[in-house]
Amino acid sequence: MKIYKLLLLSAVLLVACKANIGRGKVTIHTIGDSTMANKPNPDKNPERGWVQVLAPYFNENVQIKNYAVNGRSTKSFRERGHWQPVLDALQPGDYVFIQFGHNDGKDTDPERYTNPQTSYRYNLIRYIEEARSKGAVPILFSSIARRKFNKEGVLLDAHGNYTLVARLVASELKVPFFDMQYLTENLEMSYGVEGSKKLHMHFAKGENEFFPDGIDDNTHLSVLGANEIAKIFVSELKRQKHPLQKYLNE
């Protein structure tokens, strides 16, 4: 049975590769939460999701369809009906970026919370297997870091076992894994305790007209923060020698 499944998967991937060559273009579908999602009113709103700014880093042969939604977990993204349109749209050779964890840890919200060792794990596996069933190529991401420094200036973990489980699922299912938590922790620390505020939504009262009362948000990203994370992803794409690197703008 295992040999049959491997042969079937190989056949699907072969079809996917041929489809990509034939089209000469690649479509990337992204699912996740607010740290990826497109933000409204970009002319005035200083907040961005990192996928929202990603397109300029690729050439004209890449199309990005960003389905990420604010506040969603692996559970609520499916149960609220966001996944089915993505699944319906998938074509052989498409890519699916999967990044959840921020909201899976909301243990006071039964609509979103998932146990990392059980339901979170199986939700990720289900997304991966369903994407593959359509001939698409899944890529798994850990959540980006939150700006969470203690009084001694140490950046603290904000995701517990969710990052570990995502890594283990990627290894088990042979899915490319981008450890964005590790990479963005390094980013936060490189900017420092105060400087890292520029990566996020920090505005004093009256400083920004979109947030007239001010905002102090250590999770969501500024234009700078979103682009810094997009650059990190691009660098990691090159480091891993992933096939998508050939579509990058030089």
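Just so you know, these numbers come straight off a predicted model, no measurement behind them.
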**Q.** Centroid-centroid under 6.0 Å between F58 and Y247 rings
**A.** no
Q: Flag yes if Y182 and W50 sit in one hydrophobic cluster, no otherwise; membership is Ile, Leu, Val, Met, Phe, Trp, Tyr, and two members link when side-chain heavy atoms are under 4.5 Å apart.
A: yes
Q) If only atom types and distance count, is the side chain of R48 paired as donor or acceptor with the main-chain N or O of P42 below 3.5 Å? A) yes
Q. Is the closest side-chain heavy-atom distance between T184 and L199 below 4.5 Å?
A. no
Q) Within the distance-only criterion (no hydrogens, no angle test), does the side chain of N45 pair as donor or acceptor with the backbone N or O of N41 below 3.5 angstrom? A) no
Q) How long is the span from the CG atom in L90 to the OG atom in S133, to the nearest 0.5 Å? A) 8.0 Å
Q. Should I229 and L248 be regarded as members of a common hydrophobic cluster, given that ILVMFWY residues are connected when their side-chain heavy atoms come within less than 4.5 Å of each other, either directly or indirectly?
A. yes
**Q.** Side-chain donor or acceptor of S73 paired with backbone N/O of R112 under 3.5 Å
**A.** yes
**Q.** Residue pair L221 / T35: nearest heavy atoms and the distance that separates them
**A.** CD1-O, 3.8 Å
Q: Locate the shortest heavy-atom distance separating M36 from G32; write the atom from each residue and the value.
A: SD-CA, 3.7 Å
Q.
Between E236 and R239, does any side-chain N to carboxylate O distance fall below 4.0 Å?
A. yes
Q | Beyond-backbone contact of Q240 with F178, side-chain heavy atoms, under 4.5 angstrom | A | yes
Q. Picking from K134, R132, R126, what satisfies salt bridge (charged side-chain N to carboxylate O under 4.0 Å, His left out) with E130?
A. R126
Q. With a 3.5 Å cut-off and no angle check, do the side chains of Y122 and N115 form a donor-acceptor pair?
A. no
Q) Among the clusters formed by ILVMFWY side chains lying less than 4.5 Å apart, do L87 and F77 turn up in the same one? A) yes
Q) So among L140, I98, V175, which one has a side-chain contact (heavy atoms from CB on, under 4.5 Å) with V169? A) L140
**Q.** Side chain proximity check, I139 to L244, heavy atoms < 4.5 angstrom
**A.** yes
**Q.** Pairwise side-chain contact, H29 with Y67, heavy-atom cut-off 4.5 Å (strictly under)
**A.** yes
Q: Considering non-hydrogen atoms only, spot the tightest contact between E188 and F149 and give its length.
A: O-CZ, 3.9 Å
Q) Are side-chain heavy atoms of K75 and Y113 found at a separation under 4.5 Å? A) no
Q) Would Y191 and E228 count as having a side-chain donor-acceptor pair, cut-off 3.5 Å? A) yes
(Q) Would the distance check show the side chain of S34 and the main-chain N or O of G71 forming a donor-acceptor pair, the cut-off being under 3.5 Å? (A) no
Q) Any sub-3.5 Å donor-acceptor pair from D94's side-chain atoms to A136's backbone N or O? A) no
Q.
Parallel, tilted or perpendicular, judged at 30° and 60°: which one describes the rings of F100 and Y127?
A. parallel
(Q) Rounded to the nearest 0.5 Å, what separates atom CE in M201 from atom NE2 in H220? (A) 10.0 Å
Q: Compare every heavy atom of L54 with every heavy atom of A230, then report the nearest pair and how far apart it is.
A: CB-CD1, 4.0 Å
Q) Without hydrogens or angle criteria, can the side chains of D104 and T114 be said to hold a donor-acceptor pair below 3.5 Å? A) yes
Q: State, without any angle test, whether Q52 and N66 hold a side-chain donor-acceptor pair at a distance under 3.5 Å.
A: no
(Q) Under a 3.5 Å distance rule, please check whether S171 uses its side chain to pair with a backbone N or O of L168 as donor and acceptor. (A) no
Q | Residue pair L173, I125: steps toward the side-chain contact (heavy atoms from CB on, under 4.5 Å) verdict | A | CA-CA 8 Å; L173 273 67; I125 290 172; 4.1 Å; yes
Q) Side-chain contact, heavy-atom cut-off 4.5 Å: D217 with H200? A) no
Q: Give a yes or no on whether the backbone of R72 and the side-chain of S76 come within a donor-acceptor separation of less than 3.5 Å.
A: no
Q) Are R146 and N218 close enough that some pair of their side-chain heavy atoms sits under 4.5 Å apart? A) no
Q | Co-membership, hydrophobic cluster, residues L164 and L183, 4.5 Å side-chain | A | no
Q.
Under a 3.5 Å cutoff, is there a donor and acceptor pairing between the side chains of K39 and N70?
A. yes
Q | Transitive ILVMFWY side-chain link I144 to M189, under 4.5 Å | A | no
Q | Atom pair CD1/OG1 of I31 and T74 - distance to nearest 0.5 Å | A | 9.5 Å
Q: Give the ring-plane orientation class for H159 versus H102, where under 30° counts as parallel, over 60° as perpendicular and anything between as tilted.
A: perpendicular
**Q.** Passing candidate, ring pair (Phe, Tyr, Trp, His ring centres under 6.0 Å) with F141, options F97, Y162, F177
**A.** F97
Q: Could you tell me whether the side chain of M180 reaches within less than 4.5 Å of the side chain of S142, counting heavy atoms only?
A: yes
**Q.** Residue Q84 excluded, over 12 heavy atoms near CD under 6.0 Å
**A.** yes
Q) To the nearest 0.5 Å, what is the distance between OG1 (T163) and CD (E185)? A) 8.0 Å
Q. Which distance, rounded to the nearest 0.5 Å, do you find between the CD1 of I232 and the CG of N186?
A. 8.0 Å
Q.
What I want to check is whether the side chains of D216 and H202 have a donor and an acceptor closer together than 3.5 Å.
A. yes
Q. Can you tell me how far CH2 of W83 sits from CG of D88, rounded to the nearest 0.5 angstrom?
A. 10.0 Å
Q | Distance-minimising heavy-atom pair for K148 and L155 | A | N-CD1, 3.4 Å
Q. Which pair of heavy atoms, one from I128 and one from P138, lies closest together, and at what distance?
A. CG2-CG, 3.8 Å
